Number of protein chains: 2
Amino acid sequence: MTRHDPIQSCDSCPIRANAVCADCAPDEIAVLDRAKTYRTVPAGGRLAEAGEPLTYFSSIVSGCATMSRTLEDGRRQTVGLLLPSDYIGRPGRSTSAYDVEAVSEVTLCRFECATFERLLRETPHLATRLLTMTLDELDAARDWAVVLGRMTARERVAAFLVSLARRQARLSHQAEPTRAIALALPLSREAIADHLGLTIETTSRQFTALRKAGAIETPSTRLVQIPDFERLALEAGEDDDGGMIA
Amino acid sequence: MTRHDPIQSCDSCPIRANAVCADCAPDEIAVLDRAKTYRTVPAGGRLAEAGEPLTYFSSIVSGCATMSRTLEDGRRQTVGLLLPSDYIGRPGRSTSAYDVEAVSEVTLCRFECATFERLLRETPHLATRLLTMTLDELDAARDWAVVLGRMTARERVAAFLVSLARRQARLSHQAEPTRAIALALPLSREAIADHLGLTIETTSRQFTALRKAGAIETPSTRLVQIPDFERLALEAGEDDDGGMIA
DNA sequence: GCCCGCGCTTGATCTCGATCAATGCGACGG
DNA sequence: CCGTCGCATTGATCGAGATCAAGCGCGGGC
């Protein structure tokens, strides 16, 4: 399989963000362009409900959404943070396994499920692309299991910030963050807590602890300055080489 | 996309377990059969090392393996339990992200990476099949995140037993377990603890607690009798309909 | 300007699971 | 038959994070 470059977002043609890469033939792109529609959902809007039918396969063009499950007693776990180029939906399954909620205003590029599955059959390249994206998601989900299963509250918060910083850098075509960067948080403290498997109080305390330790600055609740990215990665349990230790 | 039946293992032709389903053309199967080789690894053997090159794409024919990451300070988290029909390897990436270890004697059906990626390009149906399998893995990984992030020790142990029982039933072509079943544990208490994000002591205590509550019986450490499957599913935080509550 | 409400932070206490420490038990070899 | 070794269980204590409960700060509406 061709190794694809990091996903290239293209505001004037957002579908490229999901299904198209440099190897695509122009006619494949044209077919996809004909089938796509757009939809914008305000912050707080529901994009899917666990167990409910899902009539579209969509990808995020702009904004941020969370994918979560809530237990009957109210415990909630976010299993995925969806940023531009991430997709919503599952070929081969007609209902959503999770609640998907817009945390900021979200614009989607959508295909009807049946249409998308036909395109998938008829366009081998699209299937390959989707496979690569799904494998990346799988790696991310497994990495997150290590965070949820074995890391302390402080490491979890640091790991969240590091992972978000890396994703935002990639989305804006930048290299791995080096030293000082600013990070805009799309999530409230509560949503972060749900993602980290912590309570909101513990999450808040760890932000404070990281601030007092000099690992971050918090000019406002939705903004985090990271004076030394490597230092923060260290707090997240990574070694100095930037990778997880084996 | 065609909705595939549960994977059909076939001892005399184990490759079917991974890449072949009813829709396959006979010549596709023949091509795969020519490329495959087998390898058997004893219990405790390493099948892959995090960060090391992976020269084969393999699938498990028999036995059980774990996929895990160990932090520098010794904390270990198992991110996947690999049973027959599961695959090891990642198209498009040449190194393993995790340690993979045989917990019982494991027989693999292997393809050289380059060969497999060529087959993937040339056989659209194989790509579709792999996509379906990967999406299933992704769902499982996300479901597990809910367990790791939000469930109590007792719920985790119950969830593990329930999920293992379901997988073993599926592998032997049986329906969802109904009432009484016996479950052979392929893992030691320590390996279970690593999968559940708990210590071995807590894991052992929860086995005892579930036994005292009448939810399981433990004739030996590697054998669990489940007198009432629904009852155990309840302990795992599922509602009576057998699904997770939204 | 003032009040109100919501999201965030901080404090006090409790609890579940981790840690430290024996003890039990079955398999295997002498 | 007994000693040993590795895994599992059980007990005692500790501590990180949950829970319960105030404050705090900021933005919007009257």
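Chain letters run A, B, ... following the sequence lines, proteins first and then strands; every chain starts at 1. Note that the coordinates shown come from a computational prediction; the quantities given were computed from them, not determined experimentally.
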Every protein N/O within reach of nucleotides 23-28 of chain D N/O, cut-off under 3.5 Å:
none

Measure the distance from CG on B:L198 to P on D:dA16 and round it to the nearest whole Å. 18 Å
For atom CG of B:L187 and atom P of D:dA8, their distance in whole Å: 10 Å
Mind checking B:T199 for me? I need base, sugar-phosphate or nothing, with any heavy atom below 4.0 Å counting as a touch. base
Could you walk me through whether B:T78 and B:Y98 pass the side-chain hydrogen bond (donor to acceptor under 3.5 Å, both in side chains) check? CA-CA 9 Å; B:T78 295; B:Y98 299 97; over 6 Å; no
Distance-only side-chain donor-acceptor flag, B:Y56 / B:T37, under 3.5 Å: no
Any donor-acceptor N or O pair under 3.5 Å, side chains B:T152, B:E155: yes
Side chain B:R156, main chain B:L148, donor-acceptor under 3.5 Å: yes
For A:E155 and D:dA16, what is the distance between atoms CD and P respectively, to the nearest whole Å? 12 Å
Main-chain N/O of A:T199 paired to A:T202 side chain as donor or acceptor, under 3.5 Å: no
Test B:D136 against A:R93 for salt bridge (Lys or Arg N to Asp or Glu O under 4.0 Å), laying out the working first. CA-CA 10 Å; B:D136 285 343; A:R93 196 160 294 176; 3.4 Å; yes
In whole angstrom, give the distance that lies between atom CZ of A:R156 and atom P of D:dA16. 14 Å
Output yes when a side-chain donor or acceptor of A:D73 lies under 3.5 Å from a complementary backbone atom of A:R75, and no otherwise. yes
Is B:W144 reaching over with its side chain to a backbone N or O of B:G80, donor-acceptor style, under 3.5 angstrom? no
Separation of D:dG17 P from A:L148 CG (nearest whole Å): 13 Å
Chain A contact limits on DNA chain C, taken 5' to 3' with a cut-off of 4.0 angstrom to heavy atoms: C:dC8 to C:dA12
Which parts of residues 200-222 of chain A get close to DNA chain D, meaning a heavy atom less than 4.0 angstrom away? A:E201, A:T202, A:R205
Run the side-chain donor-acceptor check on residues 102-111 of chain A: report pairs under 3.5 Å with partners two or more places apart or on a different chain.
| unit_1 | atom_1 | unit_2 | atom_2 | d |
| --- | --- | --- | --- | --- |
| A:S104 | OG | A:C64 | N | 3.0 |
| A:T107 | OG1 | A:T40 | OG1 | 3.1 |

May I have all residue pairs that pass ring pair (Phe, Tyr, Trp, His ring centres under 6.0 Å) and include part of residues 58-79 of chain A, sequence neighbours excluded? none
Only counting residues at least two apart or in another chain, list the ones meeting salt bridge (charged side-chain N to carboxylate O under 4.0 Å, His left out) with B:R39. none
